[in-house]
Colleague: 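Can you keep this structure in mind? I'll have questions shortly.
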Amino acid sequence: MLGYENCALCPRKCYVNRLAGERGYCGCPGEALVAKAMLHPWEEPCLSPAGRSGAIFFGGCALQCAYCQNFAISRAPRGEPMDAAALRRQMEALIAAGAENIDLVTASQYLPTVLEALRPRLGVPVVYNCGGYERVRALRALEGSVQIYLPDLKYADSALAASLSGAPDYFEVASAAIREMVRQTGAPRFEGERLVRGTLVRHLILPGQIENSLRVLDWLGESFPRGQVLVSLMRQYTPLPGLRAPFDRAVTDEEYDAVLSWMLLNRLPGYVQEAGSAGESYIPAF
């Protein structure tokens, strides 16, 4: 049973009793913290053709990436405490406001509450938007409740994952998680322009780390039949103050073009970002 007591919801498996006030690596309490709920206009166009993704941003994260754009809520968990009933009401309010989906952003640390809130099934697709660092056992608990998985695949390089996210096992964990996601959803299924079921893998290009990106794309191309997963190649890396070189700068056009060319050579279907996507204007105001 996956719960807040003896917590092993994420791959860190801290085994703390969050209901008794203990805190593990993520620092999260034994209740869901919702930092922001909004109609989010900047997700991939297949998720919300009208630009109305019903995003619910949760406080805290098991990865703590050094460059996280949501650092204001991920590093020090904060938000409005919600039980399952309140979270369900929040989802229904977003749908009433026109949300094309319910987009759960970094929800793994609150899985027991989220699972309860998702029952019975909502009238729009549920998007599980995560960093890719997920336990297969936890994902299996979500089967039938999530229609679209939106994981990152950040690293193929374990040293890079250790340095930037404190997770040298990132690739081993995330690759197994993505295989499980694809097993659950099958190939992408659309209704018109709108994705209603499938797995869309995001990869953020990091400055000075072309080789890492090429290895990620190679794995995706080699691991799944063409068209089984969609890929979103992201160039929105925005340097935060205090990061060391080369992470103190944006991705160059040359770096982006090299990775994009490799994506095209691998014939990976999906989405790309324009140069203007990098900047603080794309970071939600928490």
Side-chain angles (χ1 to χ4, degrees), residues 4 9-10 18 23 25-44 47-48 50-118 122 124-134 138 142 145-152 154 165 200 202 204 232 234 236-238 240 273 277-286:
Y4 296 126
L9 294 172
C10 85
R18 290 164 56 186
R23 298 288 183 268
Y25 186 92
C26 69
C28 295
E31 59 186 345
L33 298 179
V34 174
K36 193 174 187 69
M38 62 183 288
L39 294 180
H40 189 23
W42 300 313
E43 301 291 38
E44 284 79 0
L47 296 177
S48 53
R52 295 194 304 268
S53 190
I56 299 177
F57 292 86
F58 292 90
C61 181
L63 274 177
Q64 303 288 311
C65 300
Y67 51 86
C68 180
Q69 292 187 354
N70 295 346
F71 66 91
I73 63 170
S74 63
R75 293 179 186 170
R78 66 183 181 91
E80 179 183 350
M82 289 193 184
D83 61 14
L87 182 57
R88 178 73 180 204
R89 289 193 295 271
Q90 182 64 80
M91 295 174 182
E92 291 171 346
L94 286 169
I95 294 170
E100 299 168 88
N101 58 55
I102 291 298
D103 182 7
L104 304 174
V105 185
T106 318
S108 308
Q109 63 273 23
Y110 305 118
L111 183 63
T113 306
V114 169
L115 279 171
E116 187 177 348
L118 290 176
L122 294 163
V124 298
V126 173
V127 180
Y128 201 72
N129 185 338
C130 65
Y133 196 61
E134 304 285 332
L142 288 162
S145 296
V146 169
Q147 289 72 54
I148 300 169
Y149 283 103
L150 184 62
D152 294 333
K154 299 175 183 290
S165 300
L200 170 57
R202 286 173 164 172
L204 176 67
S232 179
M234 306 176 77
Q236 69 185 50
Y237 178 86
T238 302
L240 298 177
Q273 285 186 321
S277 60
E280 294 183 4
S281 62
Y282 287 86
I283 302 174
F286 296 110

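Quick note: numbers below take in every heavy atom, side chains included, and nothing from hydrogens, waters or symmetry partners.
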Colleague: For residues Q147 and V126, report the shortest heavy-atom separation together with the two atoms involved.
Modeller: OE1-N, 2.8 Å

Colleague: With a 3.5 Å distance limit and no angle check, can you tell me whether E100 reaches the backbone of A50 through a side-chain donor-acceptor pair?
Modeller: yes

Colleague: For the CD atom of Q236 and the CD atom of Q69, what is their distance to the nearest 0.5 Å?
Modeller: 5.0 Å

Colleague: Within this structure, what is the CG-CZ distance for the pair D103 and R52, rounded to the nearest 0.5 Å?
Modeller: 14.5 Å

Colleague: Will you find, in the side chains of S108 and Y133, an N or O donor that is under 3.5 Å from an N or O acceptor?
Modeller: no

Colleague: Output the distance between atom CE (M91) and atom CG (L122), rounded to the nearest 0.5 Å.
Modeller: 6.0 Å

Colleague: Contact between L63 and K154 at the side-chain level, heavy atoms closer than 4.5 Å - yes or no?
Modeller: yes

Colleague: Run through L47, L204, L200 and flag the one making a side chain to side chain contact (heavy atoms under 4.5 Å, CB included) with S232.
Modeller: L200

Colleague: Whether the side chain of R78 engages the backbone of G60 through a donor-acceptor N/O pair (distance < 3.5 Å, no angle test) should be reported.
Modeller: no

Colleague: From I56 CD1 over to K36 NZ, what is the distance, rounded to the nearest 0.5 angstrom?
Modeller: 13.0 Å

Colleague: Can you list everything that forms a side-chain hydrogen bond (donor to acceptor under 3.5 Å, both in side chains) with N101? Sequence neighbours excluded, please.
Modeller: S53

Colleague: Between E43 and S48, do the side chains contain an N or O donor and an N or O acceptor separated by less than 3.5 Å?
Modeller: no

Colleague: Between R18 (side chain only) and P29 (backbone N and O only), is there a donor and an acceptor less than 3.5 Å apart?
Modeller: yes

Colleague: Roughly how far, to the nearest 0.5 Å, is CD of E116 from CG of L87?
Modeller: 9.5 Å

Colleague: Between C28 and G59, what is the shortest heavy-atom contact and its length?
Modeller: SG-O, 3.7 Å

Colleague: Side chains of L33 and P81, heavy atoms from C-beta outward: is any pair under 4.5 Å?
Modeller: yes

Colleague: Do R88 side-chain atoms and A117 backbone N/O form a donor-acceptor pair below 3.5 Å?
Modeller: yes

Colleague: Taking A37's backbone N and O only, do any of them form a donor-acceptor pair with Q90's side chain (distance below 3.5 Å, no angle check)?
Modeller: no

Colleague: Decide yes or no for R89 and M82: does some side-chain heavy atom of the first lie under 4.5 Å from some side-chain heavy atom of the second?
Modeller: no

Colleague: Do the side chain of R75 and the main chain of A66 share a donor and acceptor less than 3.5 angstrom apart?
Modeller: yes

Colleague: Once the angle between the rings of F58 and Y110 is folded into 0 to 90°, is it parallel (under 30°), tilted (30 to 60°) or perpendicular (over 60°)?
Modeller: tilted

Colleague: Tell me every residue that passes ring-ring contact (aromatic ring centres under 6.0 Å, His included) with Y67, counting only those two or more places apart in sequence or in another chain.
Modeller: Y237

